[in-house]
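See below for the structure under consideration.
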Number of protein chains: 2
Amino acid sequence: MSNLLTTSDEILTSARTLIMSGGYNGFSYADIAGVVGIRKASIHHHFPSKVDLVRTLVERYREDAEVGIAALEHNVQDPLELLKAYAAHWANCIEDASRPFCVCALLASELPALPPEVAGEVKAFFRFLSAWLTSVMERGSREGALNLSSQPRVEAEAFMASVHGAMLSARAYGTPEVFPAILAPTLQRLSPTVAQ
Amino acid sequence: MSNLLTTSDEILTSARTLIMSGGYNGFSYADIAGVVGIRKASIHHHFPSKVDLVRTLVERYREDAEVGIAALEHNVQDPLELLKAYAAHWANCIEDASRPFCVCALLASELPALPPEVAGEVKAFFRFLSAWLTSVMERGSREGALNLSSQPRVEAEAFMASVHGAMLSARAYGTPEVFPAILAPTLQRLSPTVAQ
DNA sequence: GACAGCCTCCCTACCAGAAGGTAGACAGTG
DNA sequence: CACTGTCTACCTTCTGGTAGGGAGGCTGTC
């Protein structure tokens, strides 16, 4: 029987969901076993240790993000629209509660307590995201498609921080609408049409 | 022998430090016992359960914040300076690694997996902080001391999100300077002297 | 002043369950 | 036969938590 999803994928998916709600120490092999419908020991066949599992998960998460962003860049050219699309992506995820939090943002908050291998992957994700946003800001600045008040690098970091902080607030208030509400003024400020 | 700090305070302090690095599930009674120099069972005398301990901790954290902010409001009148002082407070905490992360921001990220009593306290902290920042924004807008581009409430939420997101980035990159660098443009934009 | 009673704080010893992980057997497939 | 994936059974360590006892300090009463 050819399954659409391999067991290994199912394990990663359920682990991602569990991490998104409680972080690295917030889930166990037993939790995954319960969700996937498999025995605890069988998980070790796919991922010998918890570190292996989460490192793979974050690695995969970054790869998926790279693919997603490449696709986004292919469909959308305008830098401001790219940023809007990125924000809208997260707004949707939070709205329908499918992926209400960025795995790496959550793991970053508990970085000091993370196994080094996982911590390294999380840091790599931040560097990747930051690099992409910086490239968008740079191009937007060059083409006059974005209204920057600081260096592209700084604007990129500030934008990323806003997104992560807004996720946190949406979670704290329990109201998804908070996320787009926080991002809206940031996006408006970056818009060239309303420049001074 | 009159101790300056009660054992109960020492427990709370070490628990706070431990939570700041790994979150709710990132520490145990044994960890605290090791730091304080007491036996595990003795902690239960002061805090019957882990939920009691962390709930008290967050409660106390909010009370301390209320006192600190009242003192700040007493010393500083100008709204922009208040926001700068608030940002500077965190910049210092991150710089000298004394309190490199807001306990509530960290706990908020794992909210869905938190015991309800703790979750309630964390949410209360967010409401409190948001209310204060909104009041600062409102007054700044009224007095012309702040240059707002949105409603005070929205500006307050955006500011708070920036602070939390910047904390996350500082942790992810492992470089404290990132925090003030991210906050600087936000504070500059709020400054009335550079208004259009 | 003596002393009984109580209270606070910490201790040792223990518990049940959950944690991550291992060993080895079995079934199905190429 | 070898390989893959799952299973049962088991291990060790850690988890939050409990029971009960002992030392020391207050206080009320004779």
Side-chain angles (χ1 to χ4, degrees), chain A residues 1-58 60 107 110 112-119 121, chain B residues 1-19 21-60 107 110 112-119 121:
Chain A
M1 57 176 236
S2 64
N3 220 329
L4 282 173
L5 252 43
T6 67
T7 305
S8 161
D9 284 334
E10 283 190 74
I11 292 170
L12 284 171
T13 303
S14 68
R16 196 189 60 192
T17 307
L18 288 163
I19 284 189
M20 274 189 306
S21 88
Y24 185 82
N25 291 304
F27 79 100
S28 72
Y29 269 38
D31 295 328
I32 296 177
V35 175
V36 177
I38 208 181
R39 295 293 150 153
K40 235 180 35 160
S42 307
I43 303 173
H44 286 281
H45 171 74
H46 299 276
F47 304 97
S49 79
K50 193 178 180 180
V51 171
D52 289 314
L53 168 58
V54 181
R55 188 184 37 69
T56 309
L57 163 61
V58 179
R60 189 77 62 89
L107 290 177
E110 43 186 10
L114 248 39
E117 298 93 322
V118 176
E121 288 296 332
Chain B
M1 54 171 234
S2 62
N3 221 330
L4 283 173
L5 251 43
T6 67
T7 305
S8 159
D9 285 334
E10 284 189 74
I11 292 169
L12 284 171
T13 303
S14 68
R16 196 189 58 193
T17 307
L18 288 162
I19 284 188
S21 87
Y24 186 83
N25 291 305
F27 79 101
S28 72
Y29 268 38
D31 295 328
I32 296 176
V35 175
V36 177
I38 207 182
R39 294 294 149 152
K40 230 180 41 158
S42 307
I43 304 173
H44 286 281
H45 170 74
H46 299 276
F47 304 98
S49 77
K50 194 178 181 180
V51 171
D52 289 314
L53 169 58
V54 180
R55 188 183 38 68
T56 309
L57 162 61
V58 179
E59 210 175 272
R60 190 76 62 89
L107 290 177
E110 42 187 10
L114 248 38
E117 300 93 320
V118 176
E121 289 295 331

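Chain letters run A, B, ... following the sequence lines, proteins first and then strands; every chain starts at 1. Not measured: the values here are computed from a predicted model.
Near DNA chain C, meaning a heavy atom under 4.0 Å from it, residues 12-20 of chain A has no residue at all.
Closest to the B:Lys40 side chain, of the nucleotides D:dG16, D:dC7, C:dA19, is D:dG16. Of the listed nucleotides (C:dG20, C:dC10, C:dA19), C:dC10 has the atom at the smallest distance from the side chain of B:Ser42. Each of D:dT18, C:dC10, C:dA19 was ranked by its minimum atom distance to the side chain of B:Ile38; first place goes to C:dC10. For A:Arg39, the side-chain atoms get nearest to D:dT8 when compared with the rest of C:dT12, D:dG17, D:dT8. For A:Tyr29, the side-chain atoms get nearest to C:dG21 when compared with the rest of D:dT8, C:dG21, D:dG5.
Taking side-chain N and O atoms only, A:Thr7 has no distance below 4.0 Å to OP1 or OP2 of D:dG5. Phosphate proximity of D:dT6 to A:His46: present, with a side-chain N or O under 4.0 Å from OP1 or OP2.
Residues B:Asp9 and B:Arg60 form a side-chain contact, since some pair of their non-hydrogen atoms from C-beta on lies under 4.5 Å apart. Counting heavy atoms from C-beta on, the side chains of A:Leu114 and A:Val54 never come closer than 4.5 Å. A 4.5 Å side-chain heavy-atom check between B:Thr17 and B:Val35 finds every atom pair outside the cut-off.
Between the P atom of C:dC11 and the NE2 atom of B:His44 lies a distance of 13 Å, rounded to the nearest Å. Nucleotide C:dA18 holds its C1' atom 12 Å from the CG atom of B:Asn25, rounded to whole Å. Between B:Glu10 atom CD and C:dC9 atom P there is a gap of 13 Å when expressed in whole angstrom units. Rounded to an integer number of Å, the gap from A:Asp9 CG to D:dG5 C1' is 15 Å. Nucleotide C:dA19 holds its C1' atom 13 Å from the CD1 atom of A:Ile43, rounded to whole Å.
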ask   = What string of B, S and - do you get for nucleotides 19-24 of chain D, 5' to 3', if B is base contact, S is sugar-phosphate-only contact and - is no contact with any protein heavy atom under 4.0 Å?
value = B-----

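Within 3.5 Å, no donor on the side chain of A:Lys50 pairs with an acceptor on the base of C:dG21, nor the reverse.
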Output one line per pair: protein atom, nucleotide atom from nucleotides 6-8 of chain C, and distance, for all N/O pairs under 3.5 Å.
none

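Every residue meeting the side chain to side chain contact (heavy atoms under 4.5 Å, CB included) condition with A:Ser28, not counting sequence neighbours, appears here in chain and number order: A:Ala30, A:Asp31. Scanning for side chain to side chain contact (heavy atoms under 4.5 Å, CB included) contacts around A:Arg39 gives A:Ser42, with sequence neighbours left out. Among residues two or more places apart in sequence or in another chain, the ring pair (Phe, Tyr, Trp, His ring centres under 6.0 Å) test is passed with B:Phe47 by none. By the side chain to side chain contact (heavy atoms under 4.5 Å, CB included) test, B:Ser49 is found to be paired with B:Val51, B:Asp52, residues two or more places apart in sequence or in another chain being considered. Considering only residues two or more places apart in sequence or on other chains, B:Glu59 meets the side chain to side chain donor-acceptor pair (under 3.5 Å) condition with B:Arg55. With sequence neighbours left out, B:His46 forms a side chain to side chain contact (heavy atoms under 4.5 Å, CB included) with B:Thr7, B:Ser8, B:Ile11.
Closest approach of A:Ile43 and A:Ala33 over heavy atoms only: CD1-N, 3.7 Å.
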task = Begin from the C-alpha positions of A:Ile32 and A:Leu53 and carry the test side-chain contact (heavy atoms from CB on, under 4.5 Å) through to its verdict.
result = CA-CA 11 Å; A:Ile32 296 177; A:Leu53 168 58; 3.6 Å; yes

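At the heavy-atom level, A:Phe47 lies nowhere under 4.0 Å from the strands shown. Among the heavy atoms of the strands lying under 4.0 Å from B:Ser28 are primed sugar atoms or P, OP1, OP2 only; no base atom is included.
The ring pair (Phe, Tyr, Trp, His ring centres under 6.0 Å) contacts involving residues 9-38 of chain A comprise A:Tyr29-A:His44, where partners must be two or more places apart or lie in separate chains.
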